[in-house]
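Let me begin by presenting the structure, written as structure tokens, before commenting on it.
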Amino acid sequence: MTNEELCLRYQSGDADAAEELISSNMGLIRPIAFRFGHDYPNARMDADDYTREGAVALLQAASQFDPSCEVQF
């Protein structure tokens, strides 16, 4: 299932779509979070916290996704 389809399912209230969306994009979220958490000495959170924040941001973006704009999510 594509990210776009998962976003539409999430917008309709499907909690399983949120889980699947997060797990299918964890390969993008985790490296960014770990790089940010480890490369910046003044980081206020550890890499796991940044990973959770990335998942929350992904769901916020999914809730605002508009398929009529004809862009990939």
Side-chain angles (χ1 to χ4, degrees):
M1 184 166 287
T2 66
N3 282 338
E4 292 81 11
E5 293 169 336
L6 290 171
C7 287
L8 294 176
R9 283 181 43 205
Y10 174 67
Q11 288 174 357
S12 68
D14 187 354
D16 292 333
E19 294 287 330
E20 192 173 340
L21 188 63
I22 290 171
S23 66
S24 67
N25 287 287
M26 196 53 70
L28 175 65
I29 295 170
R30 187 169 285 131
I32 293 170
F34 275 86
R35 187 175 62 226
F36 193 83
H38 291 282
D39 288 351
Y40 296 99
N42 294 330
R44 297 181 190 269
M45 299 185 292
D46 65 358
D48 291 333
D49 290 332
Y50 284 119
T51 301
R52 283 188 284 279
E53 289 294 320
V56 169
L58 177 70
L59 292 178
Q60 288 174 343
S63 68
Q64 297 175 7
F65 176 71
D66 182 8
S68 68
C69 293
E70 298 180 6
V71 296
Q72 290 183 341
F73 182 83

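Nothing here was measured: the structure is a model prediction, and the numbers come from that model. Positions are given from 1, in the same order as the sequence printed here. No hydrogens, no waters, no symmetry mates; every other heavy atom, side chains included, goes into these values.
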Could you tell me whether the side chain of Glu53 and the main chain of Ala33 form a donor-acceptor pair under 3.5 Å? no
Sequence neighbours left out, what passes side chain to side chain donor-acceptor pair (under 3.5 Å) with Arg52? Give chain and number order. Asp49
Output, in order, the C-alpha distance, side-chain angles, deciding distance and verdict of side chain to side chain contact (heavy atoms under 4.5 Å, CB included) for Thr51 and Phe34. CA-CA 8 Å; Thr51 301; Phe34 275 86; 3.9 Å; yes
Side chains of residues 19-28: which donor-acceptor pairs under 3.5 Å do they make with residues two or more places apart or in other chains?
| from | atom 1 | to | atom 2 | distance (Å) |
| --- | --- | --- | --- | --- |
| Ser23 | OG | Glu19 | O | 3.2 |
| Ser23 | OG | Glu20 | O | 3.1 |
| Ser24 | OG | Glu20 | O | 3.0 |
| Ser24 | OG | Leu21 | O | 3.1 |
| Asn25 | OD1 | Asn3 | ND2 | 3.4 |
| Asn25 | ND2 | Asn3 | OD1 | 3.2 |
| Asn25 | ND2 | Leu21 | O | 2.9 |

So Gln60 and Val56, side chain to side chain contact (heavy atoms under 4.5 Å, CB included) or not? Walk me through it. CA-CA 6 Å; Gln60 288 174 343; Val56 169; 4.1 Å; yes
Would you give the length of the straight line joining atom CZ of Phe73 to atom CD of Gln64, rounded to the nearest 0.5 angstrom? 9.5 Å
Qualifying residues under salt bridge (charged side-chain N to carboxylate O under 4.0 Å, His left out), relative to Asp14, sequence neighbours excluded: Arg9
Nearest non-hydrogen partners of Leu8 and Pro67, listed with the distance: CD2-CG, 3.7 Å
So CG of Asp48 and CZ of Arg30: to nearest 0.5 Å the spacing works out to 8.0 Å
Rounded to the nearest 0.5 Å, what's the gap from CG on Leu58 to CZ on Phe65? Could you check? 12.0 Å
